[in-house]
Amino acid sequence: MKENYLCKTEKDMEALGSSFGEKVKTGTVISLRGSLGAGKTVFARGLARSLGITESIVSPTFTLIQEYDGRIKMYHMDLYRLSSEEDFIALGGEDFLYSDGVCLIEWSEIIDEMLPKGTIFVNIKINEDQSRVVEVSDERSRS
């Protein structure tokens, strides 16, 4: 499975995240990949809204993991500051990969081999005109 979407605005990115939130089930793991400022957290915000989460969604860069209650729990991780799988394990992150909620992971490349089968990969690329191409796949990007 591979699908591509074009998001011209932040609102488009949030709407794409929201459409995912309408379909996700308990136990879903989503790997959010892209450069700084690509829109990973905006996607997460849209997904959260469709799960009925009313809290403000911000990148958990310094807290590493944020937990939100909605119709399904959402665990939002940002692994940018981690340097190894061992750091992730020490944090207790592995438990969230097999949780009672939806797990969104920004910068998941650091734990690539730990991601469970069925992980959804959302790769966001910024175009010259600042629009985004969002590739959704059930396979790790080989680029």
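Remember, predicted model here, so these are calculated numbers, not experimental data. Here, residue 1 is the first one in the sequence, and each next residue gets the next number.
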Does I89 share a hydrophobic cluster with Y98, counting links as ILVMFWY side-chain heavy atoms below 4.5 Å and allowing steps through other members?
yes
Verify the cluster assignment for V134 and I57: are they in a single hydrophobic cluster under the rule of side-chain heavy atoms below 4.5 Å apart?
yes
Taking only residues two or more places apart in sequence, or in another chain, which ones meet [X] in a side-chain contact (heavy atoms from CB on, under 4.5 Å)?
| X | result |
| --- | --- |
| D87 | L82, S83, S84 |
| V58 | S56 |
| L6 | K8, N127, S131, V133 |
| A38 | S35, I124, I126 |

Can you pull out every ring pair (Phe, Tyr, Trp, His ring centres under 6.0 Å) where at least one residue sits in residues 12-58? Sequence neighbours excluded, please.
F20-F43
Considering residues at least two apart in sequence or located in another chain, which fulfil the salt bridge (Lys or Arg N to Asp or Glu O under 4.0 Å) criterion with [X]?
| X | result |
| --- | --- |
| D95 | none |
| E67 | K73 |
| K23 | none |

Considering only residues two or more places apart or on different chains, which pairs with a residue in residues 36-58 satisfy salt bridge (charged side-chain N to carboxylate O under 4.0 Å, His left out)?
E10-R45, E14-R45
Rounded at 0.5 Å granularity, tell me how far [atom1] in [X] sits from [atom2] in [Y].
| X | Y | atom1 | atom2 | value |
| --- | --- | --- | --- | --- |
| M13 | C7 | CE | SG | 4.5 Å |
| K2 | F121 | NZ | CZ | 12.0 Å |
| L79 | I111 | CG | CD1 | 5.5 Å |

Residues in side-chain hydrogen bond (donor to acceptor under 3.5 Å, both in side chains) with Y80, at least two apart?
none
Partners passing side-chain hydrogen bond (donor to acceptor under 3.5 Å, both in side chains) against Q130 (at least two apart in sequence or in another chain):
none
Are any of the side-chain heavy atoms of M77 and L91 separated by less than 4.5 Å?
no
Throw together a table of side-chain donor-acceptor distances under 3.5 angstrom for residues 100-108, partners on residues two or more places apart or in other chains.
| from | atom 1 | to | atom 2 | distance (Å) |
| --- | --- | --- | --- | --- |
| D100 | OD1 | Y75 | OH | 2.6 |
| E106 | OE2 | T41 | OG1 | 2.8 |
| E106 | OE2 | H76 | NE2 | 2.7 |
| S108 | OG | S31 | OG | 2.4 |
| S108 | OG | R33 | NE | 3.2 |
| S108 | OG | R33 | NH2 | 3.2 |

